[in-house]
Amino acid sequence: MAEGSPYPSFPAPGRRLRLGFVGGGEGALIGQVHANGARLSNRWEIVAGALSSDPERARRSGAAWMLQPDRVYSDYAEMARREAARPDGIDAVVIATPNNLHHPVAAAFMDAGIDIVSDKPLTTNLDDALDLVARQRRSGVVFGVTYAYAAHVMVRQVRAMIRAGLVGDIRQIHVEYFQEWAIGLTDEGEGAPWRLDPTRVGPAFTASDIGTHAMHLASFATGLDVEKVRAMFFVSGAPKKLEDTAFMHLRFAGGVPGTLMVSQAAAGTQCGLRLRVFGTTGGLEWEQENPEFVRYTPLDQPTQVIGRGYGAGMREEAIRFVRMPRGHPEALTDAWANLYIEMAIAIEARRAGRSLPDGLLAYPTVIDGAKGVAFVEAAIRSNAADGAWVDCRLPEAAPVAAE
Ligand SMILES: NC(=O)c1ccc[n+]([C@@H]2O[C@H](COP(=O)([O-])OP(=O)(O)OC[C@H]3O[C@@H](n4cnc5c(N)ncnc54)[C@H](O)[C@@H]3O)[C@@H](O)[C@H]2O)c1
């Protein structure tokens, strides 16, 4: 927002931070989305990458991203060493590889003092997730996890409205995420995709891939952690060993009940992530495919549809992120840019030795990533026990405060 604006904004950047990538080369899905978000945030320049472990693909991808040839790598460990040794080395690394590599890559860069932007799920098992939590504590680096839906302006609006008491005490939370793209996906025959290979994806498919997004969104918006889960896994699409559908009951902090339904084999759906929260005095609803609006249903009063923009019911915590006036739609790339703004502010402050006002930033951290992994492991155990309740809180040894 322009100078003199009555609306809040973030502190201006002191410099553009230098960003490197591991994964994200030609043909990759999410690396490009990270890159677009970082560019739109105007706080980063992309200067280095191990965009593939195959040297020729890495070279081609590096050239397409216009990286200097001496900053194109195919070995992430070499990249961590060489970038840490350069005076103009990267400030942070993006990890956009298959899941099994998140832990070793994050460990290598954290140990080199480089800040981390990791995709989800944080790791393929809880021991590795807790190891990353411990390394983050030791190294003091900033560790962001890209649950990007939580950076949509209107998710911040939902969160702010709940914090302001506009639904009263929360009594029910329902989250669902339906996709169709894996309906024909199978691990039968040659060359199973990494997402169905437990050595690369981990012990779950859909519960982990989009279940962690749904679980994070529900917790983030409401401020309530999921404490217990009962889960049933199914295969609704083509045959596969891991689940492509999961239905769960949740118990949030304070005993608040909820449900979570996820499927990647729900014909006719694309990215149907929807959150509904019901409190003692009202309800709130947000849908990822219609992300510009929040539906607010105060008890015994007319329903309100709040549109993203300045004023007109928008809360300060959300307005900070508004890029375009109401009526000019923003989209997922803007949400990624929002996350890249928050992570840049945290990293710039850490590197300058500055502290930031409490509550300024709400990007997901390594702790949120670890909670997602604990949730997946609990869901797997519950499914194996025919839907028994399983505790999914982090073990007491793990620090639970946000960094
Ligand atoms: N946050 C989100 O909304 C979101 C969305 C999609 C995927 N993801 C996550 O992002 C990660 C990547 O998913 P994707 O769909 O982009 O996968 P992908 O298969 O499309 O891309 C993976 C990339 O990793 C590269 N790679 C593999 N091994 C490597 C190595 N040793 N060194 C360097 N690069 C290597 C591949 O060359 C490829 O570029 C997964 O963890 C996934 O869960 C997150």
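Numbers here are sequence positions counted from 1. First listed ligand is number 1; within each ligand, the first listed atom is number 1.
Of the protein's non-hydrogen atoms, the one nearest atom 23 (C) of ligand 1 is A96 O, 3.5 Å. Of the protein's non-hydrogen atoms, the one nearest atom 19 (O) of ligand 1 is W194 NE1, 2.8 Å. With respect to atom 30 (C) of ligand 1, the closest heavy atom belonging to the protein is S53 CB, 3.5 Å. Regarding atom 25 (C) of ligand 1, its nearest protein heavy-atom neighbour is G23 CA, 3.7 Å. Of all protein heavy atoms, the one lying nearest to atom 5 (C) of ligand 1 is I30 CD1, 3.2 Å. The single protein non-hydrogen atom nearest to atom 38 (C) of ligand 1 is A28 CB, 3.8 Å, given as residue, atom name and distance. Scanning the protein heavy atoms around atom 41 (O) of ligand 1, the nearest turns out to be N99 OD1, 2.6 Å. Here the heavy atom of the protein found nearest to atom 20 (O) of ligand 1 is L29 N, 2.9 Å.
With a 4.0 Å cut-off on non-hydrogen atoms, R57 does not touch ligand 1 at all. Residue D119 touches ligand 1 through its side chain alone, judged by heavy-atom distances below 4.0 Å. Contacts between W336 and ligand 1 below 4.0 angstrom, taking non-hydrogen atoms only, involve the side chain exclusively. Here L101 has side-chain heavy atoms under 4.0 Å from ligand 1, and that is the only part of it that gets that close. Neither the backbone nor the side chain of Y147 has any atom closer than 4.0 Å to an atom of ligand 1 (non-hydrogen atoms only). Contacts between H213 and ligand 1, counted as non-hydrogen atom pairs separated by less than 4.0 Å, involve the side chain only. Proximity of Q32 to ligand 1, defined as any heavy-atom pair under 4.0 Å, is not found for any part of the residue.
Other residues, nucleotides and ligands contribute over 12 non-hydrogen atoms within 6.0 Å of the CD atom of E56. By the neighbour-count criterion of 12 heavy atoms within 6.0 Å, atom NE2 of H174 is densely surrounded, having more than that number from other residues, nucleotides or ligands. Counting non-hydrogen atoms of other residues, nucleotides and ligands closer than 6.0 Å to CZ of R163 gives a total of 12 or fewer. Within a 6.0 Å radius of CG in D386, no more than 12 heavy atoms belonging to other residues, nucleotides or ligands are found.
With ligand atoms numbered from 1 in the order given, ligand 1 contributes 43 (O) to contacts under 4.0 Å with heavy atoms of P121. Ligand-side atoms of ligand 1 in range of A50: 33 (C), 34 (N), range being under 4.0 angstrom from any heavy atom. Taking every non-hydrogen atom of P98 and a distance limit under 4.0 Å, the qualifying atoms of ligand 1 come out as 22 (C), 24 (O), 27 (C). Near T146, with a cut-off below 4.0 Å to any heavy atom, the atoms of ligand 1 are 1 (N). Set against the non-hydrogen atoms of G24, the atoms of ligand 1 under 4.0 Å away are 23 (C), 39 (O). Contact atoms of ligand 1 toward V22: 33 (C) (distance under 4.0 Å to a heavy atom of the residue). Those atoms of ligand 1 with a heavy atom of L51 less than 4.0 angstrom away are 34 (N), 37 (O), 39 (O).
Of all heavy-atom pairs between I90 and R71, the closest is N-NH2, 3.8 Å.
A cation-pi geometry, defined here as NZ or CZ lying under 6.0 Å from the six-membered ring centre and within 45° of its normal, holds between R159 and F220. With a 6.0 Å cutoff to the six-membered ring centre and a 45° limit on the axis angle, R171 does not count as a cation-pi contact of F278.
Note: no N/O pair closer than 3.5 Å links S74 and ligand 1 by distance alone. Between Y76 and ligand 1, no pair of N/O atoms sits closer than 3.5 Å.
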(message) Quick one, E292 with R308, criterion salt bridge (Lys or Arg N to Asp or Glu O under 4.0 Å). Give me CA distance, side-chain angles, the key distance, then yes/no.
(response) CA-CA 5 Å; E292 295 274 284; R308 183 203 48 76; 2.8 Å; yes
(request) Start with the C-alpha gap between K371 and V226, add the side-chain angles, then the distance that decides, and say whether side-chain contact (heavy atoms from CB on, under 4.5 Å) holds. (result) CA-CA 9 Å; K371 286 177 183 170; V226 180; over 6 Å; no
(request) Run the numbers on R86 and D70 for salt bridge (Lys or Arg N to Asp or Glu O under 4.0 Å), then give the verdict. (result) CA-CA 12 Å; R86 292 178 69 113; D70 67 331; 3.3 Å; yes
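Distance check: H152 NE2 to L339 CG gives 11.0 Å after rounding to the nearest 0.5 Å.
Side chain of Y76 to backbone of L101: no donor-acceptor contact under 3.5 angstrom is found. Proximity of a side-chain donor or acceptor of E348 to a complementary backbone N or O of G14 within less than 3.5 Å is detected.
Considering E285, E287, E289 in turn, E285 is the only one that fulfils the salt bridge (Lys or Arg N to Asp or Glu O under 4.0 Å) rule with R274. The one candidate from N36, N338, V33 that meets the side-chain contact (heavy atoms from CB on, under 4.5 Å) condition with T333 is N36.
Judged by the shortest distance from any of its heavy atoms, A148 lies outside the 4.0 Å radius around the atoms of ligand 1. Residue H102 places a heavy atom less than 4.0 Å from ligand 1.
Looking at R195, K120, H34 and measuring to atom 7 (C) of ligand 1, the nearest heavy atom belongs to R195.
Side-chain N/O atoms of D119 and T146 include a donor and acceptor closer than 3.5 Å.
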